[in-house]
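Here the structure comes first, spelled out in structure tokens, and everything after it is commentary.
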Amino acid sequence: MKPELDPESAAWTADLSSAGPARDGATTRLRAMLLRVARAESGRRRASLPALRPDEVEDLCQQAANDALMAILGKLPEFRGAARFTTWACKFVMFEISTKLRRAAWRDRAIETDETVWATIPDRALQPLSGMLEAELGAALQQAICKALTAGQRQIFQAAVIDQVPIDVLAERLQRSRGAIYKMLHDARSKLRQALIAAGYGELIS
Amino acid sequence: MTGTPIDRLLGYPGRDPGCEAGFEQLDQYCDAVRRGEDVAHRFADLLTHIANCSACREDTEGLLAVLEELARPT
């Protein structure tokens with residue numbers, strides 16, 4: 001059953017679904033709101049964007065507002081009012097600006113795949129575990145990574161978990177969707193968890 | 001994710017709907033948070049995903065922050 005829209009959401013959808021000046025006005029107001037959100041989010045993330053010039057960031061905000069506006073107008077018939085219209089609309093521009101900012105921040109950085117990294121995993125990935133886990137868990141994890149994961153899963157696991165590469169940057173480089181990359185990561189983690197449980201470390205990782 | 005180092009490596013167990021299904025619920029979740037509702041049960045799967053996916057976690061934090069800003073008088 002379709003939820004009853006709150007008055008503000010009903011006004012947005014009515015205006016955007018109409019023809020003529022009401023639609024034009026609503027589209028202009030919506031784009032202004034999307035741009036405001038994109039600028040606010042880029043400002044919030046300024047500390048993580050040291051390599052981007054202000055004009056580059058503004059250009060990304062404008063692109064994000066445009067791309068989100070197109071997505072929102074295309075999906076407007078699917079809006080059911082489960083959330084407020086403005087919240088629903090803002091999630092599209094949040095997705096656009098955050099993806100663009102992360103990709104821009106990584107544009108000059110190579111993503112390296114190095115199969116020898118697993119020999120150093122106790123130092124690189126498990127270093128924070130020192131004092132908490134026994135050394136053999138590190139060895140078991142290293143063995144599980146090498147034996148239980150496919151080469152593709154090791155690549156994603158290394159990049160996303162060890163090297164902290166954002167998954168939408170990986171998605172762009174590997175020409176896959178963000179969801180597809182996340183599923184590979186999720187599957188890899190599940191395999192490792194199962195392998196460690198089978199090796200007798202269930203209590204430590206549950 | 002703010003759990004143990006092993007959680008950061010292996011993720012939290014539990015039903016994880018993934019990025020696309022999480023995106024579908026994100027607006028409802030943020031509205032519920034802003035209304036002060038108890039989201040732990042209704043959005044349990046989404047919360048698992050947010051804990052496991054740094055990109056979706058950043059987007060969720062960002063959406064909650066901008067909704068707060070939009071609610072302020074201009």
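Keep in mind that this is a model prediction, so the values were computed, not measured. FYI, side chains are in, hydrogens and waters are out, and symmetry mates aren't considered; it's all heavy atoms of this structure. In what follows, every chain begins at residue 1, and chains take the letters A, B, ... in the order their sequences are listed.
Between chain A and the options D31(B), V66(B), L26(B), heavy-atom pairs under 4.5 Å are most frequent for D31(B). Of the residues considered (S54(B), A32(B), C56(B), C30(B)), C56(B) shows the highest number of contacts with chain A, using heavy-atom pairs under 4.5 Å.
Only the side chain of L196(A) has a heavy atom closer than 4.5 Å to any heavy atom of chain B. With a 4.5 Å cut-off on non-hydrogen atoms, E20(B) touches chain A through its side chain but not through its backbone. Contact annotation for V161(A): only side-chain heavy atoms (C-beta onward) come within less than 4.5 Å of a heavy atom of chain B. Contact annotation for S177(A): only side-chain heavy atoms (C-beta onward) come within less than 4.5 Å of a heavy atom of chain B. Using a 4.5 Å cut-off between heavy atoms, Y29(B) does not touch chain A at all. Only the side chain of R44(A) comes within contact range of chain B, with heavy atoms under 4.5 Å apart.
R45(A) contributes no side-chain N or O that, together with a main-chain N or O of G62(B), makes up a donor-acceptor pair within less than 3.5 Å. Between the side chain of K91(A) and the backbone N or O of L63(B), no donor-acceptor pair lies under 3.5 Å.
Side-chain contact between S98(A) and E58(B) is absent, with no heavy-atom pair separated by less than 4.5 Å.
When all heavy atoms of G179(A) and C19(B) are compared, the pair lying nearest together is CA-CB, 4.1 Å. The two atoms that bring D27(B) and T87(A) nearest to each other are O-CG2, 3.5 Å, heavy atoms only. Smallest separation of non-hydrogen atoms from R102(A) and A55(B): NH2-CB, 3.6 Å. When all heavy atoms of C53(B) and Y182(A) are compared, the pair lying nearest together is CB-CE1, 3.6 Å.
Taken to the nearest 0.5 Å, the CD atom of E69(B) stands 12.0 Å off from the CZ atom of R39(A). Atom CD1 of I145(A) is separated from atom CG of L9(B) by 7.5 Å, given to the nearest 0.5 angstrom. Separating the CZ atom in R84(A) from the CG atom in L70(B) is a distance of 10.0 Å, to the nearest 0.5 Å.
In the displayed structure, R15(B) atom CZ is contacted under 6.0 Å by at most 12 heavy atoms of other residues, nucleotides or ligands. Heavy atoms of other residues, nucleotides or ligands lying less than 6.0 angstrom from CZ of R29(A) number more than 12.
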Stepwise side chain to side chain contact (heavy atoms under 4.5 Å, CB included) test for L141(A) and L10(B): CA-CA 10 Å; L141(A) 179 61; L10(B) 301 183; 4.3 Å; yes
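With respect to R189(A) and D16(B), no salt bridge is recorded, no charged nitrogen being found less than 4.0 Å from a carboxylate O.
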